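The structure appears below as structure tokens.
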Amino acid sequence: MKTIEEINQKIKDGNAVVVTAREMTRIVQENGAGKAAEEVDVVTTGTFGAMCSSGAFFNFGHSDPPIKMSRTYINGVEAYSGLAAVDAYLGATQPHRNPDIGLDYGGAHLLEDLIRGKEVELVAEAYGTDCYPRTDVHTFLSLENLNQATMINPRNCYQNYAAATNSTEETIYTYMGTLLPQMGNVSYSSAGELSPLLNDPYFQTIGLGTRIFLCGSQGYIIGEGTQHATEGERRNGVPVGSAGTLMLKGDMKKMDADYIRGATMPKYGPTLYVGAGIPIPVLNEEIARRTGVSDAEIACKIYDYGTPRRDRPAVMETNYKELRTGKIEINGNEVQTSPLSSFKKALEIAEELKKWIDNGEFFLTSPVENLPSSGFTVQPLEIKRPSIMVRDLKSKTAITARAEEAISEVARKMVDNNINHLPVVDHAGRLMGIVTSWDIAQAVAKDSQKLTEIMTKKVIVAMEDEPVEVIARRIDKHEISGVPIVDRNNLVKGMITAEDISRLICSQNNEEGD
């Protein structure tokens, strides 16, 4: 057994043995955990990935005459001002208030700009009071002009994270990046064997007051992060799912722009890439063994993000060694994998933290209280009025056309049933395409003879187990007026139109009014 005090004395004397988590993996594999525990004092970790739940508190100082800010915009990004007169919290994912800029510049980009020393525009509004008579402010400031700029990140450094793919027929845009149709790619976001909480999965050395590397400066863990969970499935002691999280604090004025990046996930929104590293004191053989974990030993699951639900189906289980090869096999098909986080940058962070400790510039801290390692689960939000599912809609018997039917017969079906959309199916009732009244009109004008020539083959559909509001967004996104309802076997069960959804919303509103 060692103590943190003994290790700090070694750091002060210049004879502490410090290695990165990557180096520790090799040491444990070659020499065993017992020998590694004797020889190594500190293992440094690192991660550099998108951490949306990040932001900063600012104190602007009082103007003359003073103002009690009620709406605050910095470079066009709104910061929350419901705190005190000249305090505000800026969230990393807040988009620009100008819709023409929108998601391309948000809170995350502004945080990076400030750390880079750029001057930014401050606009504030107020309702005016006797002690705060001023009603507006328009000025420019930089990080050095702020009294405080304290980064407080409610949820960073997920212990593990899902990999994502997409089984649908269309490209989708998510916080896991752009996911191609028919499981065309897999994205993942973890530093694997370098990741801080994967090297101390039971939080034996990590807790309130732990000093860490945060965006190029020294920061602190101030508690477990939001959505902290401890009761999930584990392999080799390491959670398979997202599990533990950290709440972090740091002084923006001391941060280095090399370790922070504002980014935008296409058609999703702004996010902040945060560089964080935690030193893990090797107090005993068990900790040595944990810090020797390899990418091959860290399991994660690939989930289908094409299912827009809180509980997405798992496609398969894999590990980070397989993911880092750049390809993986799913259902017999080779699929490209790509990281959203930077392993190179994570290693740079671990190396930089190692250098700080070797140079006697960074000392370890004993947690005031360790992070909870049991008893924490994430509860879902209870919706008092549950979503209506597509299967719950009162829909008529599906009216379809066969691919071999004459166009004139299809036109007659539309007229007789007063409909504008007709799914085209094969002999077993599986969806092949869709035709609309507009398609029929074009066919007549062009003298087309075959239904297969005029039908749309790439069909936007609604699954029976999807919420109606998801389908409404899909119809709006693709600027169409209706979609076929299909089951998991692609059998057509009906149609849902924009008019159906409008009637449903009106009936719900009337019920609430009653």
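Predicted model only: the values in this text are computed from it and were never measured.
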Discussion item. Quick check against the 3.5 Å criterion: does Thr365 have a side-chain atom that pairs as donor or acceptor with the backbone of Arg211?
Written reply: yes

Worksheet item: If you look at every heavy atom in Ala288 and Ala33, which pair is closest and at what distance?
Response: CB-O, 3.6 Å

Discussion item. Are the side chains of Val77 and Arg97 in contact, using a 4.5 Å heavy-atom criterion?
Written reply: no

Worksheet, complete the sentence: Of all heavy-atom pairs linking Thr205 and Pro367, the shortest is O-CG, 3.5 Å

Worksheet item: Are the aromatic rings of Tyr161 and Tyr188 close, with centres under 6.0 Å apart?
Response: no

Worksheet item: Hey, does Glu285 have a side-chain heavy atom less than 4.5 Å from the side chain of Glu38?
Response: no

Worksheet entry | Cation-aromatic face contact Arg261/Phe48, 6.0 Å, 45 degrees | no

Item to complete: Starting at OG1 of Thr171, measure out to CG of Leu180 and round the result to the nearest 0.5 Å.
Response: 5.5 Å

Fill in: Validation row: His138, Leu122 side chains within 4.5 angstrom (heavy atoms)
no

Worksheet item: How far apart are the closest heavy atoms of Ala263 and Ala108, and which atoms are they?
Response: N-CB, 4.4 Å

Discussion item. Between Glu361 and Lys355 (salt bridge meaning N to carboxylate O under 4.0 Å), is one present in this structure?
Written reply: no

Fill in: salt bridge (Lys or Arg N to Asp or Glu O under 4.0 Å) evaluation trace for Lys301 with Glu233
CA-CA 11 Å; Lys301 292 182 179 180; Glu233 181 184 2; 3.1 Å; yes

Practice prompt. Test Phe213 against Tyr259 for ring-ring contact (aromatic ring centres under 6.0 Å, His included), laying out the working first.
Written response: CA-CA 10 Å; Phe213 177 109; Tyr259 299 102; 5.1 Å; yes

Worksheet item: Which class fits the ring pair His62 and Tyr132: parallel under 30°, tilted 30 to 60°, perpendicular over 60°?
Response: parallel

Fill in: Salt bridge flag under 4.0 Å for residues Lys10 and Glu6
no

Practice prompt. Verify, without hydrogens or angle tests, whether Asn284 (side chain) and Met1 (backbone) share a donor-acceptor contact under 3.5 angstrom.
Written response: no

Worksheet entry | side chain to side chain donor-acceptor pair (under 3.5 Å) evaluation trace for Thr226 with Arg155 | CA-CA 5 Å; Thr226 56; Arg155 183 173 67 254; 2.7 Å; yes

Discussion item. Tell me whether Lys118 is salt-bridged to Asp113, with the criterion being a basic N under 4.0 Å from an acidic carboxylate O.
Written reply: yes

Worksheet entry | Residues Arg116 and Glu112 bridged, charged N to O under 4.0 Å | yes

Worksheet item: What class does the angle between the rings of His96 and Tyr105 fall in, given that below 30° is parallel, 30 to 60° is tilted and above 60° is perpendicular?
Response: perpendicular

Worksheet, complete the sentence: Shortest non-hydrogen pair, Ala92 vs Leu272, comes out as CB-CB, 3.8 Å

Worksheet item: If you draw a 6.0 Å radius around CD in Glu144, do more than 12 non-hydrogen atoms from other residues or ligands fall strictly inside?
Response: no

Practice prompt. State, yes or no, whether a side-chain contact exists between Gln204 and Leu283 at a heavy-atom distance under 4.5 Å.
Written response: no

Discussion item. Under 3.5 Å, is there a donor on one side chain and an acceptor on the other for Asn160 and Tyr320?
Written reply: yes

Practice prompt. Just do the ring-ring contact (aromatic ring centres under 6.0 Å, His included) check on Tyr158 and His228 with the steps written out, would you?
Written response: CA-CA 9 Å; Tyr158 257 118; His228 182 79; 9.7 Å; no

Worksheet item: Is Arg235 salt-bridged to Glu317, cutoff N-O under 4.0 Å?
Response: yes

Discussion item. So which atom in Ala149 and which in Leu143 form the shortest heavy-atom distance, rounded to 0.1 Å?
Written reply: CB-CD1, 3.5 Å

Item to complete: For the pair Asp200 and Arg290, find out whether any cationic side-chain nitrogen is under 4.0 Å from an anionic carboxylate oxygen.
Response: no

Worksheet item: Val120 versus Leu114: any side-chain heavy-atom pair under 4.5 Å?
Response: yes

Discussion item. For Arg312, is there an ion pair with Asp304 - N to carboxylate O distance below 4.0 angstrom?
Written reply: no

Worksheet item: Does any N or O in the side chain of Thr337 come within less than 3.5 Å of the main-chain N or O of Leu323, such that one atom is a donor and the other an acceptor?
Response: yes

Worksheet item: So, the side chain of Ser70 versus the backbone of Glu125: is there a donor-acceptor pair under 3.5 Å, distance only?
Response: yes

Worksheet item: Would you say Asp104 and Pro270 make side-chain contact, with heavy atoms under 4.5 Å?
Response: no

Discussion item. Looking only at side-chain N and O atoms, does Glu193 offer a donor or acceptor that is under 3.5 Å from a partner on Ser195?
Written reply: no

Worksheet item: Salt bridge check: are Glu78 and Arg71 linked by an N-O gap of less than 4.0 Å?
Response: yes

Worksheet item: Hey, does the side chain of Thr45 reach the backbone of Ile278 with a donor-acceptor pair shorter than 3.5 angstrom?
Response: yes

Discussion item. So for atom CD, which belongs to Glu369, do other residues, nucleotides or ligands contribute more than 12 heavy atoms lying within a distance under 6.0 Å?
Written reply: no

Worksheet item: Is the Phe58 ring parallel, tilted or perpendicular to the Phe60 ring (thresholds 30°, 60°)?
Response: tilted

Discussion item. I'd like to check Leu194 versus Phe343 (side-chain heavy atoms, cut-off strictly below 4.5 Å). Are they in contact?
Written reply: yes

Item to complete: For the pair Lys345 and Glu348, find out whether any cationic side-chain nitrogen is under 4.0 Å from an anionic carboxylate oxygen.
Response: yes

Worksheet item: Which atom names give the shortest non-hydrogen contact between Ser54 and Tyr89, and what distance separates them?
Response: C-OH, 3.6 Å

Practice prompt. Indicate yes or no: at least one non-hydrogen side-chain atom of Met151 is less than 4.5 angstrom from one of Met255.
Written response: yes

Fill in: Pair Glu329-Asn333, side chain to side chain donor-acceptor pair (under 3.5 Å): steps then yes or no
CA-CA 5 Å; Glu329 186 175 298; Asn333 298 315; over 6 Å; no

Worksheet item: What's the verdict on side chain to side chain donor-acceptor pair (under 3.5 Å) for Ser81 and Thr72, showing C-alpha distance, side-chain angles and the deciding distance?
Response: CA-CA 6 Å; Ser81 296; Thr72 304; 2.5 Å; yes

Worksheet item: Would you say Lys254 has more than 12 foreign heavy atoms packed within less than 6.0 Å of its NZ?
Response: no

